[in-house]
Amino acid sequence: MAQPVRVRFAPSPTGSPHVGNIRTAIFDYLMARHYGGTFVLRIEDTDLARKVDGAVEDIMDALRWVGIDWDEGPEVGGDYGPYFQSQRLPLYTEAARRLVEQGDAYCCYCSPERLEVMRKEKAALKQSTGYDRHCRELNPQERAQKEAEGITPVVRFKVPLEGHTDFIDLIYGDVSFDHATIDDFVMLKSDGYPTYHLANVVDDAAMKITHVIRAEEWISSTPRHLLIYRALGLEPPQFVHHPLIVGPDRAKLSKRHADVSLLDYRAHGYLPETMLNFLSLIGWSLDDKTEIMNRQELIDYFSLDRIGRTGAIFNRDKLDWMNGVYIRGLSVEDLTSRVLPFLEKGLPEEVKRPVDIGYVRQMMPLVQERINILENAATYADFFFVDELEYETAMLVGKKMTPETALAALKAAGERLSSLNKFDHNLLEDTLRHLAGDLEIKTGQLFSLLRVATTGRNATPPLFETMAVLGKERCMKRIKAAITRLETSKGL
RNA sequence: GGCGCAUUCGUCUAGCGGUUAGGACACCUCCCUCUCAAGGAGGAGAUCGCGGGUUCGAAUCCCGCAUGCGCUACCA
């Protein structure tokens, strides 16, 4: 790179941070960190109508959660601020004024109603629905007339009628657009705010952005931006368009495709390291085998030329798998503190709060390799916490067992276990294996029975470890309850 | 309708003129095993959208077509 890399992530605060946008931010971030450049966060709040309260905070929250920090932008400042477009209005109006003055733009007095009618008419004639340039050649008297009527105009760019604008996209290669297909787009709205087209050009130039990294949906408007750069006598940056994240139907990922906000994933218990890794891999790959990469590795290995060109479906199954990989890689202490909030929230109401962290720490090794998503810990491990187990009594009677043999085995187990002075899993295993032998039933039969009796489940972590964590008191109580169940429910 | 971009297993992808088209997720089988996971070993799964070229040779280069997606707002 000839000059120091300066990239920006420029979200519009119109809602919760979309994973697609965060993925763009990740590319920006990796690019900046890889080349030792600067990562700028700029808020494009030029649409008053769509602005959502709290969206800026959510975006920053999401970025910080996945570990993306910005060198310039809100809360950190920088030499090219302010970093909110709503605070840079004079820059845009001045640029628009200049363009009008030099004949590259003009004021348009058309009402939204007229534009709508025009579009309908053109659509009916199967023509492109772009602006018909009605106000492009108004004479001075006509303009004065419109002004006198009190109409606040918008400013449109005067797109050349002939020729074409070409550019080299670092991902897609040569791209060309005929000017005849570009209409005179609005740069400055009647409320005095700029549109994206004007604002992003003015700011990218002012902030000395070297690479504009954004989603493929922007390719079509890039020639407009280039036209503005040229008219303003500014050097355009390099353009890097990357493919979209799409839903299962291959349409741009949106709300109807379920979870679309990064914060939703946090709420469900996906780890930030998972999201960073997974999102990096949508549309980018290192090679034919490396998938699990931490932040530093992603930074070290990232390069634009390995970004692909085709939209990718957000593969939730693979995300779940990857999250499991990261969960299994956590220390018990770390996992405990991350799981705790999900237990507090997801455990049945009857379980008293706060949840005992020491107890949680003990059970973590048992659930660690059995959950992929933190919130699942609550449903997976609720039997560790509840007082009354809920299960069908018939579950106690396993394969090749009868209510009678099950009852006898349970009573025998209860007796042997009650004499144990410590509930260590090795001791439990030793004791119960012997018991199975004495009872002349298979170990699996006994263990399954005890599993149901102590947990109410058929599938749990290893029985002895589980019983050890539950502790003698809970186990004995549950075995007694199971005995009572078998004694009182005849005819199984 | 116009313009643009894209097209390799179900999904994410590797591949950048010569490979038995590789890997991962999901799926199936087996092993491990007290159940469930995790882990290990296998398996199935892609005539590389279609049709023409170029070339000794094409998933790879070129041209058509088809399909999909994106843009087509005083939204970004």
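Below, chains carry the letters A, B, ... as their sequence lines are ordered, and counting in each starts from 1. No experiment lies behind these values; they were computed from the predicted model shown. Just the heavy atoms: all of them, side chains too, but no hydrogens, waters or symmetry mates, feed the values below.
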Chemist: On the nucleotide B/C5, are OP1 or OP2 found under 4.0 Å from the side-chain N or O atoms that A/R250 carries?
Modeler: no
Chemist: Centre-to-centre under 6.0 Å for A/F447 and A/F464, is that the case here?
Modeler: yes
Chemist: Taking B/U19 as the reference, what is the distance to B/C30 when you measure between their P atoms (whole Å, please)?
Modeler: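 That atom pair is separated by 36 Å.
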Chemist: Where each residue is assigned the nucleotide of RNA chain B containing its nearest heavy atom, which of A/T46 and A/D287 is assigned the position nearer the 5′ end?
Modeler: A/D287
Chemist: Measuring from the side chain of A/S128 (C-beta onward, heavy atoms only), which nucleotide among B/G2, B/A76, B/G15 has the closest atom?
Modeler: B/G2
Chemist: Would A/E94 and A/R97 count as a salt bridge (charged side-chain N to carboxylate O under 4.0 Å, His left out) here? Give the steps.
Modeler: CA-CA 5 Å; A/E94 167 56 19; A/R97 189 198 60 73; 2.9 Å; yes
Chemist: When you get a sec, tell me which of B/A24, B/A6, B/C12 is the closest nucleotide to the side chain of A/I313?
Modeler: B/C12
Chemist: What nucleotide, of B/U13, B/U35, B/C25, holds the atom closest to the side chain of A/A312?
Modeler: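 Output: B/U13.
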Chemist: Quick check on RNA chain B: between A/G311 and A/T152, whose nearest nucleotide comes earlier from the 5' end?
Modeler: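 It is A/G311 whose nearest nucleotide is closer to the 5' end.
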Chemist: Name the nucleic acid region contacted by A/T181, choosing base, sugar-phosphate or nothing; use a 4.0 angstrom heavy-atom cut-off, strictly under.
Modeler: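 Answer is sugar-phosphate: A/T181 comes under 4.0 Å of backbone atoms only.
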Chemist: Any side-chain heavy atom of A/W284 within less than 4.5 Å of one from A/I26?
Modeler: no
Chemist: For the C1' atoms, the ones on B/G53 and on B/A14, what distance do you get once it is rounded to whole angstrom?
Modeler: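 Here B/G53 and B/A14 have their C1' atoms 28 Å from each other.
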Chemist: Which listed nucleotide (B/U13, B/G23, B/C34) is nearest to the side chain of A/E291?
Modeler: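 From the listed options, B/G23 comes nearest.
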Chemist: Hey, which of A/H18, A/R214, A/H242 is the one that makes side-chain hydrogen bond (donor to acceptor under 3.5 Å, both in side chains) with A/T24?
Modeler: A/H242
